[in-house]
Amino acid sequence: MLQSPYIEVPESEGACWGSWPAIGKALKQHLQQLDKAKTILAVECYPGTYASIDMGFLKSTLSPNVVCRAEDLFLEENEIRQRIGTGFARTPRADANLPTTVASYFDPQKLTSIQETIAEIESGIILVHGVGAHLVARPDVLVYSDVSRYELIQRLRRKDITNIGVDNRELGYDLQYAWSYFIDWPLGDHIKQQLLPACDYILETNNWQRPKMVAGDAIRRGFELALERPVYPSPFFDPELWDETSPRQQPGELGVNFHLRVEEDNLLFKICDQLIEAPVVNLLFYKSKEFLGAGIRQIYGDRLPFYIQFFDHLQQQLPDINYYPDPSAMARYFGKTARHQDYYYVVKARKNATLLAGAIATEAIADQKQYIDAKEWAKSLQAFPLEKGSVACIAAGVVHSTGTGCQLLNIGIASPFFRQHLISKKTGKRPHLSAPEKDMAGHLYPLAPALSQPASIESAPYEDHFLELQQLSGGERLELAAANQVRAICVVEGTTAWLTYGDGDRYQLLFGQVVLLPARLQRLVWEAPPETTAILITIKA
């Protein structure tokens, strides 16, 4: 029997509602039970929710006496753009004069005026909706309207949404994404971190036609459960992956697994009879110290300091070429510094599998004021042979490929947002703010190669300044020592394995899954058939 893809929250009957009519009815009953002549309902929204559509449904189901859109109280768009800086739209940077709270978007006169109007109202339901709604008036009932980062990215691609206080769809997807990355999402995360512990309800609006609302206490119980067990984040919930009668993924196939980007990924909870998707970052914001561990949190803040992605290049002839800017380049181009290493664990390798890495070989190539094609890059970089089970470590600033004739598990430190794709079939399909200019080759010279020779972890853990990789073999029962910090585990060979935790609960690991182990977990036992292998990933504090 397959492991359920969701975390079931017990004793949650009556704590979840599906459809706008049911949500409106539940909220109206709550307001009536307060037994007050005047009640204020604030629906705080994460940037990128369909605010106008959602508010329209709430108006029709709640029939409020007064409705206030938070965005109507913002400064004029031209003033917001001027405050942010006209140059930011062309070259977004972290050290620009960016707003640090959503309060700075409000026009003081408009805000004071509406607050005075609300104070004068003696009876009825007042609905305040939008980004910053909780700041407009002290609510009697607070709803937090949430949406996953994965869904927001799709909305940006479709140009369904714009950024806070501005209509900047003329910028194009990559720059609009950068605006979200540097401004909107940090502001939204700041609000979310404040309100998650206390909001009355969470409204899940990934599918605006099928919204779901859950009581705040119920979703917080779900977070507590997630902190006490292995958790499997997923970019979205696809029922076909868990269909036992006709599974899409056959044993030994990779499917859509080997993925971990906490900013985009979701957790799935079953509350009452509803499946609720919640961004993984909600768990981080709820109790980051218990999820990450004190040491990791002190260094990296309230975020997971690594991501995982999979590259299948068994058949690829010409390699992808990319690099991650070194700290000086990060500061120069983006106004931001970050520690970074790239690790590539070799899941499979053909006889002539290689990874290319190094500096630009000649000044002639460096001086070219045009893109260098993949064949020229292949000539200018050094080839390192790869073997199954080996690890290649590449420092920031080193140009390298993502391999040929191999399948690689990439474990990256810091955000993939800043990765430079010089040659890639995917360039332009993901948000690469840092996509090189036509003379970027000149900026790359001279880079010092800093590649560690691929090292196997079959006999001993791979360990360096940032990361430790430990191989877990099948056919044995192994108790994993407590780390007091978040870790990840991934089955890279075989079909299934088991983790025993807590009071004897068991969690099934499937091939290709990346599962997070919260810092709160103190006792873990690994068991697997002889043909199964996994790697345990630990970031060093």
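Values below: every heavy atom of this structure, side chains too, minus hydrogens, waters and symmetry copies.
Residues Tyr50 and Asp160 have side chains that bring a donor and an acceptor to within less than 3.5 angstrom of each other. Counting only N and O atoms by type, the side chains of Thr496 and Gln508 include a donor and acceptor under 3.5 Å apart. Side-chain N/O atoms of Gln522 and Asn484 include a donor and acceptor closer than 3.5 Å. Inspection of the Ser180 and Asn163 side chains reveals an N or O donor paired with an N or O acceptor under 3.5 Å. Side-chain N/O atoms of Tyr181 and Ser415 include a donor and acceptor closer than 3.5 Å. A side-chain N or O of Asp189 and one of Tyr46 form a donor-acceptor pair less than 3.5 Å apart.
A donor-acceptor pair is defined here as one N or O able to donate and one able to accept, closer than 3.5 Å; no such pair exists between the side chain of Thr532 and the backbone of Gly494. When atom types are taken as modelled, the side chain of Asp505 and the backbone of Arg229 share no donor-acceptor pair closer than 3.5 angstrom. Side-chain N or O atoms of Arg350 include one that pairs as donor or acceptor with a backbone N or O of Leu314 at under 3.5 Å. Between the Asp265 side chain and the Arg261 main chain, a donor and an acceptor come within less than 3.5 Å of each other. Formation of a donor-acceptor pair under 3.5 Å by the Arg487 side chain with backbone atoms of Leu516 is not found in this model. Without hydrogens or angle criteria, Gln193 side chain to His190 main chain gives no donor-acceptor distance under 3.5 Å. In this structure a side-chain-to-backbone donor-acceptor pair under 3.5 Å is missing from His313 to Cys406. Under a 3.5 Å cut-off, the side chain of Thr354 and the backbone N or O of Ala383 do not form any donor-acceptor pair. Glu387 contributes no side-chain N or O that, together with a main-chain N or O of Ala349, makes up a donor-acceptor pair within less than 3.5 Å.
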Would you please test Lys348 and Asp312 for salt bridge (Lys or Arg N to Asp or Glu O under 4.0 Å) and show each step?
CA-CA 9 Å; Lys348 290 184 180 180; Asp312 185 356; over 6 Å; no
Output, in order, the C-alpha distance, side-chain angles, deciding distance and verdict of side chain to side chain contact (heavy atoms under 4.5 Å, CB included) for Ile7 and Leu268.
CA-CA 6 Å; Ile7 298 173; Leu268 194 67; over 6 Å; no
Let's go through Val262 and Leu284 carefully: what are the C-alpha distance in whole Å and the side-chain angles of both, what is the deciding distance for side chain to side chain contact (heavy atoms under 4.5 Å, CB included) to 0.1 Å, and is it a yes or a no?
CA-CA 9 Å; Val262 165; Leu284 276 159; 3.6 Å; yes
CA sep, side-chain torsions, deciding dist, call: Lys192, Asp146, side chain to side chain contact (heavy atoms under 4.5 Å, CB included):
CA-CA 9 Å; Lys192 182 185 289 191; Asp146 207 3; 3.1 Å; yes
Side chain to side chain contact (heavy atoms under 4.5 Å, CB included) for Leu292 and Leu304? Distances and angles first, verdict last.
CA-CA 7 Å; Leu292 296 172; Leu304 191 73; 4.0 Å; yes
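The closest side-chain heavy-atom distance from Leu517 to Pro230 is below 4.5 Å. Inter-residue side-chain proximity for Val231 and Leu267 is flagged as met; some heavy-atom pair is nearer than 4.5 Å. Between Gln470 and Glu463 there is no side-chain heavy-atom pair separated by less than 4.5 Å.
Taking the charged nitrogens against the carboxylate oxygens, Arg157 and Glu151 have no contact shorter than 4.0 Å, which rules out a salt bridge. With respect to the salt-bridge test (charged N to carboxylate O, under 4.0 angstrom), the residues Glu493 and Lys388 qualify. At a threshold of 4.0 Å, the pair Glu468-Lys540 does not count as salt-bridged, since none of the basic side-chain nitrogens sits closer than that to a carboxylate oxygen. Looking at Glu224 and Arg220, no side-chain N of the basic residue comes within less than 4.0 Å of a carboxylate O on the acidic one, giving no salt bridge. Ion pairing of Glu277 with Lys212 is absent here, as no side-chain N (NZ or NE/NH1/NH2) approaches a carboxylate O to less than 4.0 Å. With respect to Asp302 and Arg297, a salt bridge is recorded, a charged nitrogen being found less than 4.0 Å from a carboxylate O.
In this structure, CG on Leu171 lies 10.5 Å from CZ on Arg90, to the nearest 0.5 angstrom. Here the CH2-CZ distance, from Trp498 to Arg477, works out to 13.5 Å after rounding to the nearest 0.5 Å. Of the inter-residue distances, the one linking Cys490 atom SG with Ile535 atom CD1 reads 6.0 Å to the nearest 0.5 angstrom. Taking CZ from Phe88 and CH2 from Trp179, the interatomic distance works out to 6.5 Å, rounded to the nearest 0.5 Å. How far OG1 of Thr404 is from CG of Asn352: 8.5 Å, rounded to the nearest 0.5 Å. To the nearest 0.5 Å, the span separating CD1 on Ile276 from CZ on Phe269 amounts to 10.0 Å.
Minimum heavy-atom separation, Thr402 to Leu408: O-CD1, 3.2 Å. Among all heavy-atom pairs drawn from Leu283 and Ala226, the shortest one is CD2-CB, 3.9 Å. Shortest non-hydrogen contact noted between Thr205 and Arg155 is O-NH2, 2.9 Å. For the pair Tyr343 and Cys393, the tightest heavy-atom approach, listed with the atom from each and the gap, is CE2-SG, 3.6 Å. Here the closest non-hydrogen pair linking Leu469 and Ile411 is CD2-CD1, 3.7 Å. Residue Pro233 comes nearest to Val280 through the heavy atom pair CB-CG2, 3.7 Å, listed as atom of the first residue, atom of the second, then distance.
The number of heavy atoms from other shown groups lying within 6.0 Å of CZ (Arg210) does not exceed 12. The number of heavy atoms from other shown groups lying within 6.0 Å of CG (Asp95) is above 12. More than 12 heavy atoms of other residues, nucleotides or ligands shown are found within 6.0 angstrom of CD on Glu8.
Among Ile537, Val514, Leu499, the single residue meeting the side-chain contact (heavy atoms from CB on, under 4.5 Å) criterion with Ile489 is Leu499.
Side-chain rings of Tyr344 and His400 approach one another, their centers coming within less than 6.0 Å. Close placement of the Tyr286 and Phe223 rings is indicated, their centers lying within 6.0 Å of each other. Aromatic ring centres of Phe418 and Phe334: separated by under 6.0 Å.
Relative orientation of the Phe417 and Tyr177 rings is parallel, given thresholds of 30° and 60° on the angle between their planes.
Cation-pi geometry between Arg149 and Trp185 is met: under 6.0 angstrom from the ring centre, within 45 degrees of the axis.
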